[in-house]
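This one's a predicted model, so the numbers in the text were calculated from it and none came from an experiment. Protein chains get the first letters and strands the later ones, always in sequence-line order, with residue 1 at the start of each.
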Amino acid sequence: MFETLPGFRDFPPEACSRRNHLFRVFRTVARAFDFKEYDAPVLEPLDLYVEKSGAEIVGQLFHFEDKGNRQVALRPEMTPTLARMVAASANSLPKPIKWFNVGEHFRYERPQKGRGRSFYQFNADLLGESTTAADAELLALLVAIFETLGLGVQDFKIRLSDRNTWIFLLEELGVSEEIRPAVLNAIDKSERRKPEQTIESLEQTMPGKGEFLWDKIQEIKKIDSLDALIGRLKSGNQKADKIIQDWQNITDLLKAHGAYAYITIDLSIVRGLAYYTGFVYEAFEASGKGRALAGGGRYDHLLKKLSGNVDMPACGFAIGDMTLSDCLESKGLLPKYVMTPDLYLIAGLNEQKHGISLVSQARKGGFSTAYSLKSSGFGKQFKDAGKSGARYALILGSEEVEKQNVKIKDLRNATETTVSQKSLLAKLEEFDAEGGIQPA
RNA sequence: GCGAUAGUAGCUCAGUUGGUUAGAGCACCGGCUUGUGGUGCCGGGGGUCGCGGGUUCGAAUCCCGUCUUUCGCCCCA
């Protein structure tokens, strides 16, 4: 017997419909926000990822040489692909560009809770707009998706941070642009590390100042309100004023979107990647435990880096299907999807073919219809109809055929109605609209 | 890549100090049932006990290796 590869999942019908439920919500809500769906190959040139993330990334990719001696990789994320697509026609695309994708991604990592080697992501990106309105639009979309899935304020929170704030405050502490990435990286990892390890990293980056920096960083990480933040930034300085202005804008906009209740100001979020430039955020289950449900931020210089000539501000986020499914499951928000037909034909032995033509008619009318593929008695067919979960049974015996009728039985309350075969579809639609069959 | 954990039917699990042909419940298929359904009763199919090697007269059971699962470390775009 063959098994799925480690970190990969099969999706038999029930799992598949749960997954599709997520996808349906992603698409519906994204369209409500006027985002356009796009798609792209899952296989890309390996260099696309090396260029963006550095050579270390190769160890985490599914990659190989194809028959044309090209180094290729299964996509581990969507952003480089998106950047390439947008850069290719940047001048002709109406701005702002609001695109989303639902797709499979691959990372060669150790499978763990909420993390596999194949997973699905919802990616939404907004390009060509540098104001905080774009960041707020994306955060509002993220919140709307979670709300539509049934999650509320008691279920999840979004930790919002800003790299510009960090850059400004680190500058004040004497952190130069050169060593800034290393310091931000250490801050990002400090969430998952012992303090001594972080101090050691900082000490290596800024000899003699590791302890000092860590003390200051901890102070900054504790900031959890707009007032505290403004107090720390102190207005008067032009740069500080701009940052304060951005925070005030995004706060006001998120309040207008009805999304602010989910937001926690939390500067401990910086995200590991060097390319983030402004607001960054991660969504977590309300308790804060577990992996991030979603994450994103602004990446104003990435297009330029990847394309070489197109410079365009951009921001975006991604939601992973595994952590999200786990979260929904634990809260009972993944109802058991049962795929059932609307109708089940029950026909006598001599009426089977006649019945199939009725089935065909019903199917063309948009009703999902099942019937027994082999000859069996009425009793057996009723049993199968019951097990199928169909709402109505269409009963066709010699009496009905003789009178050109068909009997419709509501399998939930056992009431029956006899209608002419000609009016079957109309009657079914009527029932459909009423939401049930009426007792005779 | 490192550490721990587990692996018996599709699923959840029994399986005695190593001892005939490895069991149960659920699920699946059929019969009772050729004009009224999910219940009931009866029956059936399905396992090289993760895989390979070793110890033994004899291994699901003991030993070694390996693969896979789950959890943690690393990493987390």
(message) Has T277(A) got a side-chain atom pairing as donor or acceptor with D300(A)'s backbone, closer than 3.5 angstrom?
(response)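 Yes; judged by distance alone, with no hydrogens or angles, the pair exists.
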Can you list the residues that meet the side-chain contact (heavy atoms from CB on, under 4.5 Å) rule with [X], with sequence neighbours excluded?
X: D66(A); value: F64(A), R70(A), V72(A)
X: L173(A); value: L170(A), F212(A), L213(A), K216(A), I220(A)
X: T418(A); value: N405(A), K407(A)

Spacing of [X] atom [atom1] relative to [N] atom [atom2], expressed in whole Å:
X: L394(A); N: G37(B); atom1: CG; atom2: C1'; answer: 15 Å
X: I395(A); N: U36(B); atom1: CD1; atom2: P; answer: 10 Å
X: R9(A); N: U68(B); atom1: CZ; atom2: P; answer: 18 Å
X: E416(A); N: G37(B); atom1: CD; atom2: P; answer: 11 Å
X: L411(A); N: G35(B); atom1: CG; atom2: C1'; answer: 14 Å
X: L349(A); N: U34(B); atom1: CG; atom2: P; answer: 9 Å
X: L345(A); N: U36(B); atom1: CG; atom2: C1'; answer: 14 Å
X: D384(A); N: U34(B); atom1: CG; atom2: C1'; answer: 14 Å

(message) Within residues 80-88 of chain A, which residues have any heavy atom lying less than 4.0 Å from an atom of RNA chain B?
(response)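 Contacting residues: none.
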(request) Could you tell me whether E219(A) and K222(A) have a side-chain N and a carboxylate O separated by less than 4.0 Å? (result)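 Salt bridge between E219(A) and K222(A), a charged N being under 4.0 Å from a carboxylate O: no.
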Could you tell me how far [M] sits from [N] if I compare only their [atom1] atoms? Round to whole Å.
N: U70(B); M: U33(B); atom1: P; value: 49 Å
N: G7(B); M: C62(B); atom1: P; value: 11 Å
N: C63(B); M: G18(B); atom1: C1'; value: 13 Å
N: C76(B); M: C11(B); atom1: C1'; value: 33 Å
N: A59(B); M: G19(B); atom1: P; value: 11 Å
N: G45(B); M: G65(B); atom1: P; value: 40 Å
N: C49(B); M: U21(B); atom1: C1'; value: 15 Å

Across the strands shown, which category fits [X] at heavy-atom distances under 4.0 angstrom: base, sugar-phosphate, nothing?
X: E399(A); result: base
X: G297(A); result: nothing
X: E400(A); result: base
X: G397(A); result: base
X: A318(A); result: nothing
X: K374(A); result: sugar-phosphate
X: G386(A); result: base

(request) Only counting residues at least two apart or in another chain, list the ones meeting side chain to side chain donor-acceptor pair (under 3.5 Å) with Q204(A). (result)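 So Q204(A) forms no side chain to side chain donor-acceptor pair (under 3.5 Å) with any residue.
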(request) Please name all residues satisfying side chain to side chain donor-acceptor pair (under 3.5 Å) with D266(A), sequence neighbours left out, ordered by chain then number. (result)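 Result, side chain to side chain donor-acceptor pair (under 3.5 Å) vs D266(A): R159(A), S268(A).
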(message) Does either side chain, that of E104(A) or that of S118(A), offer a donor lying less than 3.5 Å from an acceptor on the other one?
(response)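 A donor-acceptor contact under 3.5 Å links the two side chains.
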(request) Pick out which of F146(A), F35(A), F100(A) makes a ring pair (Phe, Tyr, Trp, His ring centres under 6.0 Å) with F122(A). (result)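 It is F100(A), the one option of F146(A), F35(A), F100(A) that forms the ring pair (Phe, Tyr, Trp, His ring centres under 6.0 Å) with F122(A).
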(message) Tell me whether F382(A) and G37(B) count as stacked here, given that the ring centres must be under 5.5 Å apart and the planes must differ by less than 30 degrees.
(response)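 Here the ring of F382(A) and the base of G37(B) are not stacked, as the 5.5 Å and 30° limits are not both satisfied.
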(request) Can you label the angle between the Y262(A) ring and the F156(A) ring as parallel, tilted or perpendicular, going by 30° and 60°? (result)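 Y262(A) vs F156(A) ring planes: parallel.
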(request) For nucleotides 71-77 of chain B, just jot down a letter per nucleotide in 5' to 3' order: B, S or -, based on protein non-hydrogen atoms under 4.0 Å. (result) SBBBBBB
Pairwise N/O distances under 3.5 Å, protein to nucleotides 39-45 of chain B:
residue : atom : partner : partner atom : Å
G40(B)  : O6   : K383(A) : NZ           : 3.2

(message) Here's a test of your reading of the structure: between F8(A) and S398(A), which maps to the more 5' nucleotide of RNA chain B?
(response)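 Its nucleotide being nearer the 5' end, the pick is S398(A).
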Minimum side-chain heavy-atom gap [X]-[Y] below 4.5 Å:
X: D135(A); Y: F317(A); value: no
X: K52(A); Y: E77(A); value: yes
X: L343(A); Y: L428(A); value: yes

(message) So, OP1 or OP2 of U36(B): does either fall under 4.0 Å of a side-chain N or O from K409(A)?
(response)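 So the side chain of K409(A) is outside the cut-off, no N or O lying under 4.0 Å from OP1 or OP2 of U36(B).
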Listing, residues 178-189 of chain A side-chain donor-acceptor contacts under 3.5 Å, not counting sequence neighbours, or none:
residue : atom : partner : partner atom : Å
N185(A) : OD1  : K189(A) : NZ           : 3.4
D188(A) : OD2  : G272(A) : N            : 3.2

(request) Among residues two or more places apart or on two chains, list those pairs meeting ring-ring contact (aromatic ring centres under 6.0 Å, His included) that have a residue in residues 41-62 of chain A. (result)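 For residues 41-62 of chain A: F8(A)-F62(A), F62(A)-Y108(A).
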(request) Can you tell me which stems RNA chain B forms, taking runs of 3 or more consecutive Watson-Crick or G-U pairs with both distances under 3.5 Å? (result)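 The stems are B:1-4 with B:70-73, B:10-13 with B:23-26, B:28-32 with B:40-44, B:50-54 with B:62-66.
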(request) Please name all residues satisfying salt bridge (charged side-chain N to carboxylate O under 4.0 Å, His left out) with E282(A), sequence neighbours left out, ordered by chain then number. (result)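 E282(A): salt bridge (charged side-chain N to carboxylate O under 4.0 Å, His left out) contacts with R271(A).
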